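Everything below concerns the one structure shown next.
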Protein chains: 2
Amino acid sequence: MVTTQLSEPARDDDIMRAGTLAREIFSDVANKWALLIIETLGTETLRFSELRDALEGISHKMLTQNLRMMERNGLVQRTVHPTVPPRVEYRLTGPGLGLRATVDLMCEWTRHNMEHIESARHQFDT
Amino acid sequence: MVTTQLSEPARDDDIMRAGTLAREIFSDVANKWALLIIETLGTETLRFSELRDALEGISHKMLTQNLRMMERNGLVQRTVHPTVPPRVEYRLTGPGLGLRATVDLMCEWTRHNMEHIESARHQFDT
DNA sequence: CGGAATCCGAAAGGATACTG
DNA sequence: CAGTATCCTTTCGGATTCCG
């Protein structure tokens with residue numbers, strides 16, 4: 001019985017293999033709310049409530065959850081002003097801004113292709 | 001009582017508002033498996049089983065589900081060869097390849113920033 | 001082989017209430 | 001105002017089985 005595996009051709013994106021750090025980060029990043037938060041923040045500094053209002057449809061819980069995760073990954077910086085009532089502001093870090101550039105392109109792609117996609121859907125649904 | 005709202009400054013990414021077609025498409029696209037499938041397909045033509053093997057960790061069900069959705073959105077083309085056993089091949093369409101360009105950048109960003117992210121995580125977890 | 005359908009446990013996510 | 005915790009419903013997603 002042969003249990004040793006012949007090593008694969010090792011494609012460049014093999015780095016996205018399951019269980020790798022890259023795949024884990026990608027899974028954090030490649031989710032609807034995280035990307036929309038990045039897009040909404042842009043180059044601005046926004047308060048928690050401003051973000052919540054801008055991101056229609058997000059719940060209080062989802063917003064805090066995603067902001068925590070993004071802060072942990074060093075994508076957003078969280079600043080607490082010790083006033084009363086408290087004022088907490090969020091803004092993208094350097095890496096966050098870098099990621100934003102790619103998200104911008106994805107949004108641009110969406111705007112540019114939505115007509116085509118809609119017609120593809122209608123055609124498929126028959 | 002004033003119920004009419006003063007119209008907002010109308011930022012450009014207001015197009016991603018909840019309930020819009022753009023937001024809906026973005027939600028389809030901005031998910032882990034869809035993006036990994038796009039990245040895996042690249043410019044190749046792959047069979048269902050080849051895709052499943054390449055995408056470590058995806059289940060039979062998730063793969064079909066995502067491929068159906070992506071086919072419906074016109075991102076992938078599905079070709080059935082009427083042989084026995086059947087042979088089904090997938091490849092990115094024009095729009096799919098366009099989206100792939102942005103996903104490539106996102107993967108590149110991940111590779112480039114993973115060290116920084118990992119240290120940010122360790123620092124946060126204290 | 002690729003796909004559909006079923007079942008079922010796990011996880012996501014909303015609503016609410018409470019705290020500093 | 002921002003955040004946490006709790007409860008509870010919905011959805012996700014894996015395992016399995018059957019069909020072309």
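Only a predicted model underlies this, so the values are computations on that prediction, with no experimental measurement involved. Chain A is the first sequence line, chain B the second, and so forth, proteins listed ahead of strands; every chain is numbered from 1.
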Subject >> Nucleotide range of DNA chain C lying under 4.0 Å from chain A heavy atoms >> reply: C:dG13 to C:dG20

**OP:** Could you name each residue pair satisfying ring-ring contact (aromatic ring centres under 6.0 Å, His included) that touches residues 98-126 of chain A, not counting sequence neighbours?
**Re:** none

Original post:
Quick one: is A:Arg47 getting a side-chain N or O under 4.0 Å of the D:dA2 phosphate, OP1 or OP2?
Top reply: yes

Original post:
When you look at B:Glu89 and B:Arg47, which way does the salt bridge (Lys or Arg N to Asp or Glu O under 4.0 Å) test go after all the steps?
Top reply: CA-CA 4 Å; B:Glu89 293 179 331; B:Arg47 304 183 56 166; over 6 Å; no

Original post:
If you look at every strand shown and take non-hydrogen atoms under 4.0 Å, does B:Arg68 touch a base, only sugar-phosphate, or nothing?
Top reply: sugar-phosphate

**OP:** Check for a donor-acceptor pair, side chain of A:Asn113 on one end and backbone N or O of A:Thr110 on the other, with a separation under 3.5 Å.
**Re:** no

**OP:** Look at the side chain of B:Thr20 and the backbone N and O of B:Met16, then say whether any donor-acceptor pair between them is shorter than 3.5 Å.
**Re:** no

Original post:
Taking only residues two or more places apart in sequence, or in another chain, which ones meet A:Arg72 in a side chain to side chain donor-acceptor pair (under 3.5 Å)?
Top reply: B:Asp125

Original post:
Does CZ belonging to B:Arg121 count more than 12 external heavy atoms closer than 6.0 Å?
Top reply: yes

Subject >> Base-contact (B) and sugar-phosphate-only (S) positions in nucleotides 5-20 of chain D, heavy-atom cut-off under 4.0 Å, - elsewhere >> reply: --------BBB----B

**OP:** Using a 4.0 Å heavy-atom cut-off across all strands, classify B:Arg78 as base, sugar-phosphate, or nothing.
**Re:** sugar-phosphate

Subject >> Backbone of A:Trp33 reached by a side-chain donor or acceptor of A:Asn31 within 3.5 Å >> reply: yes

Original post:
To the nearest 10 degrees, what angle separates the axes at the start and end of the helix from C:dG2-D:dC19 to C:dG20-D:dC1, five pairs each?
Top reply: 40°

Original post:
Would a distance-only check, ignoring hydrogens and angles, find a side-chain to backbone donor-acceptor pair under 3.5 Å from B:Thr102 to A:Thr102?
Top reply: no

Original post:
Quick one: ring pair (Phe, Tyr, Trp, His ring centres under 6.0 Å) partners of A:His60, sequence neighbours excluded?
Top reply: A:Phe48

**OP:** Of all the heavy-atom pairs spanning A:Val29 and B:Met106, show the shortest one and how long it is.
**Re:** CG1-SD, 4.3 Å

